[in-house]
Amino acid sequence: MDDKPDIVNETDDLIRISGCVEHIIFCNEENGYTVCDLGTDDDDIVTLTGIMPYINEGDQIIVYGEWRHTPKYGRQFWVSQYERNFLFNAVSILRYLSSGAIKGIGKKTAQKIVDEFGDNSLEVIENHPDWLSDIPGMSLNKAKQISEDFKEKAGIRTVMLFFREFFGASLTVKIYKKWGIASIDIAKSNPYRLCDEIDGIGFEKADRMAQKLGIGLASEERYMSGIIYVLSSCAAQSGHVCLPRGELIRETVSTLNADEDDISRVIDLMLGQKKLERFSHGGTDYIFDRFSYGNEKYIAQKLLLLDKVCPAISHADINIFIENEERKNGFSYALLQKKALISALECGVMLLTGGPGTGKTTVVKALLAIFRSMDMKVALAAPTGRAAKKLSEATAFEAKTIHRLLEYEYSPEEGDRAGFARNENNLLEEDALIIDEASMIDNTLMASLLKAVKPGARLIIIGDADQLPSVGAGNVLRDLLDSGRFSTVKLTQIFRQAEKSLIVTNAHLINNGQTPRLDIKDNDFFFLPRVSERDIMLTVTDLCKNRLPRTYGELAVNGTQVISPSRKGGIGTDNLNVMLQDALNPPEKKKKEHKIRDRVYREGDRVMQTKNNYELEWRRGGEIFGTGVFNGDIGIILKIDNLNQNMEILFDDRHVDYDFSMLDELDLAYAVTVHKSQGSEYPIVIFPLYSAPSVLLTRNLFYTAVTRAQKMVILVGKAEIAERMVSNNRLAQRYTCLKQRLED
């Protein structure tokens with residue numbers, strides 16, 4: 001075969017090839033990924049791979065891309081863009097229609113249409129479907145259905161052609177699925193709708209498109225979209241639910257290179273149109289987008305309602321319940337534990353906090369027993385699957401993720417829209433809800449939870465406010481505690497068994513601003529001094545690969561987690577993951593792998609989901625059992641299928657299929673950041689101590705990392721970094737108004 005069949009020309013480093021689709025080898029209908037054979041005009045056959053939605057055998061197409069060589073499939077042409085070649089004659093039209101490309105047209109019907117209309121067949125199908133009804137056996141209704149299907153498939157090609165200079169094919173497919181053929185008109189009239197409504201298109205991409213379409217830099221649409229973009233960026237990057245008006249103006253002016261007065265005027269306009277909302281306190285206006293404002297307002301109102309309408313239980317009865325539990329268990333509860341039990345039984349909303357080893361789990365187990373003895377329905381939940389599993393194991397009572405408790409549901413028919421079956425119109429039946437790891441709960445999830453809680457139910461919120469706040473926007477637990485509005489008990493006594501653990505002792509030392517003990521060699525907390533970043537990396541790798549497995553066997557092989565303060569930098573998780581992958585799961589002939597940009601995924605790799613994906617289906621026992629894989633879930637790659645462009649990943653006991661187009665949602669997880677480790681516990685935690693910006697070397701980050709360990713902590717690096725982190729009690733400010741709403 002000639003190395004360059006029918007190459008017409010090369011433009012922008014992309015090779016252009018034209019021809020007829022001979023055979024579809026594989027097609028993923030969800031994202032349009034296709035493998036096919038293309039017959040060129042000089043009778044050569046080229047294998048094409050890439051996103052080519054609605055392509056069919058018999059199509060005359062032009063593709064743009066590059067040659068690549070794969071060890072398994074040899075030389076293929078990887079398509080970046082494609083377009084239909086509409087130079088049809090009767091012969092090619094017959095071939096196209098006979099392929100089954102159009103619903104309702106088989107080989108016999110195709111022959112009849114071409115016999116009747118010849119070279120004009122496609123024109124008739126698209127614009128004169130009533131003419132088709134003259135063909136024997138063709139009803140008018142069927143003719144219209146054929147015409148609609150043809151126009152839909154022609155539409156995606158038109159849309160692909162329009163958007164190809166702005167976005168990749170996968171994003172264009174998303175746009176088309178959202179708006180169909182109207183996508184072009186919507187984008188031309190207001191391209192900023194793309195960043196508001198299409199996942200994966202940020203403001204910058206929409207802004208570049210707008211400039212190419214001739215929309216002015218000072219247009220009102222650009223300013224409005226830019227203001228929303230600044231609010232959402234600050235929410236995603238810094239956890240802000242809102243921004244002070246002055247700061248919002250400054251950030252937007254800087255982002256858009258705009259005039260301050262113009263931005264101020266547009267903010268007022270958006271406030272008047274209810275596209276933005278305002279909350280004022282302390283002489284400052286705080287500006288919200290509508291969604292965030294509604295969530296925060298609802299959280300405050302519902303919590304106050306729950307606290308107010310909860311049915312009373314007499315103090316005498318409460319004491320009897322507690323005494324019964326003490327008698328049954330053969331021990332007495334500590335003073336603060338009794339106070340926590342009384343508060344939880346007396347109040348509609350109760351907050352329970354405390355560090356490791358202070359007996360929070362004992363209180364939860366007592367509450368479960370008391371509520372059940374009162375014939376009350378109880379739910380136990382946590383934000384993540386790992387946190388829920390840990391809670392179940394500690395209490396011997398089923399704990400669910402909050403998403404599962406609320407019965408998350410995704411409807412493909414409704415596009416990207418999804419939600420919870422349990423809400424204000426379908427309340428939970430439980431009389432008491434105990435929610436653990438509340439420091440991880442952001443405003444959006446808390447609002448969703450509260451919408452489903454029936455008035456009269458008791459809500460016990462448990463968490464450690466000294467840990468890092470939620471990844472999502474808000475600071476719910478801290479705001480509730482600081483408001484002073486609800487009954488709160490902080491457990492401080494470290495119990496005898498926990499006192500033996502240096503993990504617990506050092507965690508409390510860190511939290512109290514004292515340097516942890518690094519000189520003890522025979523407990524569960526170890527320090528290995530290393531100076532250079534290279535030595536730290538090599539020691540971490542040696543621990544994971546050799547020293548720990550040799551001493552602790554399977555516990556170390558499957559239970560060791562490296563946790564680092566940051567992604568970037570010499571000892572950030574990006575570099576650690578590359579080194580640990582090479583050491584723990586090196587390439588082998590029998591192991592398939594897939595490379596995307598600078599990252600390699602290999603069968604046997606440990607990976608983490610980095611964003612909530614509510615629509616991913618997972619199997620258990622070979623059957624579809626549920627949907628949703630969430631931020632922080634860790635799994636193992638079982639199988640990679642390069643032909644079908646997907647991989648199978650096992651998350652605990654859930655089997656999930658990932659299309660290659662979704663791999664931007666996965667990271668290697670041999671090493672994870674402290675933020676990503678929240679809500680999880682690991683038998684062994686390795687934490688490197690190295691120089692980094694002070695914003696990363698904070699006390700609460702150190703404390704959070706240490707408290708992720710169940711059996712062992714190993715610090716590797718510089719002792720002065722531990723001292724620096726303990727002394728740095730900087731808490732990143734998050735703009736929220738929940739505390740003030742509750743106080744008001």
Side-chain angles (χ1 to χ4, degrees), residues 186-199 201-211 213-301 442-444 446-447 469-470 472-476 479 732-744:
I186 289 171
K188 284 181 176 179
S189 63
N190 183 8
Y192 296 103
R193 281 188 64 182
L194 296 171
C195 61
D196 294 336
E197 301 184 47
I198 305 296
D199 185 34
I201 298 181
F203 175 80
E204 294 98 332
K205 289 182 179 179
D207 199 34
R208 284 195 295 269
M209 180 180 186
Q211 306 320 307
L213 293 175
I215 295 176
L217 292 173
S219 70
E220 206 165 79
E221 291 86 356
R222 181 172 187 260
Y223 287 165
M224 286 184 173
S225 185
I227 289 165
I228 296 296
Y229 167 70
V230 168
L231 286 171
S232 63
S233 294
C234 289
Q237 295 170 13
S238 304
H240 299 311
V241 177
C242 55
L243 285 178
R245 181 185 176 108
E247 189 162 334
L248 175 59
I249 290 173
R250 286 192 296 274
E251 287 289 334
T252 309
V253 166
S254 174
T255 300
L256 303 184
N257 192 24
D259 180 78
E260 189 172 304
D261 291 338
D262 286 341
I263 298 302
S264 181
R265 175 183 58 79
V266 173
I267 289 174
D268 288 333
L269 178 65
M270 295 176 75
L271 287 168
Q273 295 174 346
K274 294 295 182 183
K275 293 179 178 178
L276 297 176
E277 297 283 356
R278 174 196 297 117
F279 184 86
S280 301
H281 70 84
T284 300
D285 284 346
Y286 292 86
I287 308 299
F288 297 72
D289 65 54
R290 287 188 303 170
F291 179 74
S292 300
Y293 181 86
N295 278 343
E296 189 176 85
K297 182 178 179 181
Y298 185 87
I299 291 169
Q301 291 176 337
D442 60 28
N443 274 33
T444 301
M446 179 58 81
S470 59
N475 204 356
V476 176
D479 285 345
Q733 182 181 19
R734 289 193 169 195
Y735 290 118
T736 75
C737 297
L738 180 57
K739 170 180 175 287
Q740 288 75 21
R741 290 181 194 273
L742 291 167
E743 289 174 341
D744 290 346

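These numbers come from the heavy atoms of this one structure, side chains and all, not from hydrogens, waters or symmetry mates.
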(message) A side-chain contact here means heavy atoms from C-beta on lying under 4.5 Å apart; do L243 and I287 qualify?
(response) no
(message) For Y223 versus L217, what's the shortest heavy-atom pair and its separation?
(response) CE2-O, 3.6 Å
(message) As an exercise, state the distance from CD1 of I215 to CG of N190, rounded to the nearest 0.5 Å.
(response) 6.5 Å
(message) Can you list everything that forms a side chain to side chain donor-acceptor pair (under 3.5 Å) with K275? Sequence neighbours excluded, please.
(response) Q273
(request) Can you run down the salt bridge (charged side-chain N to carboxylate O under 4.0 Å, His left out) pairs that involve residues 253-264, sequence neighbours left out, and say none if there aren't any? (result) none
(request) Check side chain to side chain donor-acceptor pair (under 3.5 Å) between Q733 and all other residues, then give those that pass, not counting sequence neighbours. (result) none
(message) Restricting to non-hydrogen atoms, name the atom on C242 and the atom on Y735 that form the minimum distance, rounded to 0.1 Å.
(response) O-CB, 3.1 Å
(request) Can you see which heavy atom on A210 is nearest to which on P191, and at what distance? (result) CB-CG, 3.5 Å
(message) If the condition is salt bridge (charged side-chain N to carboxylate O under 4.0 Å, His left out), which residues does K739 pass it with, not counting sequence neighbours?
(response) E743
(message) For L256, is there any backbone N or O sitting under 3.5 Å from a side-chain donor or acceptor partner on R222?
(response) yes
(message) I'd like to check the salt bridge (charged side-chain N to carboxylate O under 4.0 Å, His left out) partners of E247; sequence neighbours left out, ordered by chain and number.
(response) none
(message) With heavy-atom distances below 4.5 Å as the criterion, would you say the side chains of F291 and T444 are in contact?
(response) yes
(request) Kindly write out the residues that satisfy side-chain contact (heavy atoms from CB on, under 4.5 Å) with K205, not counting sequence neighbours, or none if the list is empty. (result) F167, L171, I201, R208
(message) For a quick check under 3.5 Å, do D744 and Q740 share a side-chain donor-acceptor pair by atom type?
(response) no
(message) If the condition is side-chain contact (heavy atoms from CB on, under 4.5 Å), which residues does S292 pass it with, not counting sequence neighbours?
(response) V241, F288, D289
(message) Any non-hydrogen side-chain atom of D207 less than 4.5 Å from a side-chain atom of Y192?
(response) yes
(message) As an exercise, state the distance from OG1 of T255 to CZ of R250, rounded to the nearest 0.5 Å.
(response) 12.5 Å
(request) Report yes if the side chains of M270 and E220 come closer than 4.5 Å at any heavy-atom pair, otherwise no. (result) no
(message) On a heavy-atom basis, which atom in Y293 and which in R278 lie closest, and how many Å separate them?
(response) CE1-O, 3.6 Å
(message) Working to the nearest 0.5 angstrom, can you tell me the gap between I186 CD1 and R193 CZ?
(response) 4.5 Å
(message) Holding to salt bridge (charged side-chain N to carboxylate O under 4.0 Å, His left out), I want the full list of residues that pass it with R734, two or more places apart in sequence or in another chain.
(response) none
(request) Please name all residues satisfying salt bridge (charged side-chain N to carboxylate O under 4.0 Å, His left out) with E221, sequence neighbours left out, ordered by chain then number. (result) none
(request) Please round to the nearest 0.5 Å and tell me the distance separating atom CD1 of I263 and atom CD of E251. (result) 12.0 Å
(request) Output the distance between atom NZ (K274) and atom CZ (R290), rounded to the nearest 0.5 Å. (result) 10.5 Å
(request) Enumerate the residue pairs fulfilling side chain to side chain donor-acceptor pair (under 3.5 Å) with a member in residues 227-245, sequence neighbours excluded, ordered by first and then second residue. (result) E204-Y229, R245-S264, R245-D268
(request) Could you tell me whether a side-chain N or O of E296 sits under 3.5 Å from a main-chain N or O of C737, the two making a donor and an acceptor? (result) yes
(request) List the atom of T252, the atom of L248, and the distance in Å for their closest heavy-atom pair. (result) OG1-O, 2.7 Å
(message) S280: which residues meet the side chain to side chain donor-acceptor pair (under 3.5 Å) condition with it, sequence neighbours left out?
(response) D285
(request) Heavy atoms only: give me the nearest A473-D442 pair and the separation to one decimal. (result) O-CB, 3.2 Å
(request) Could you tell me which residues satisfy side chain to side chain donor-acceptor pair (under 3.5 Å) with D479, sequence neighbours excluded, listed by chain and number? (result) T736
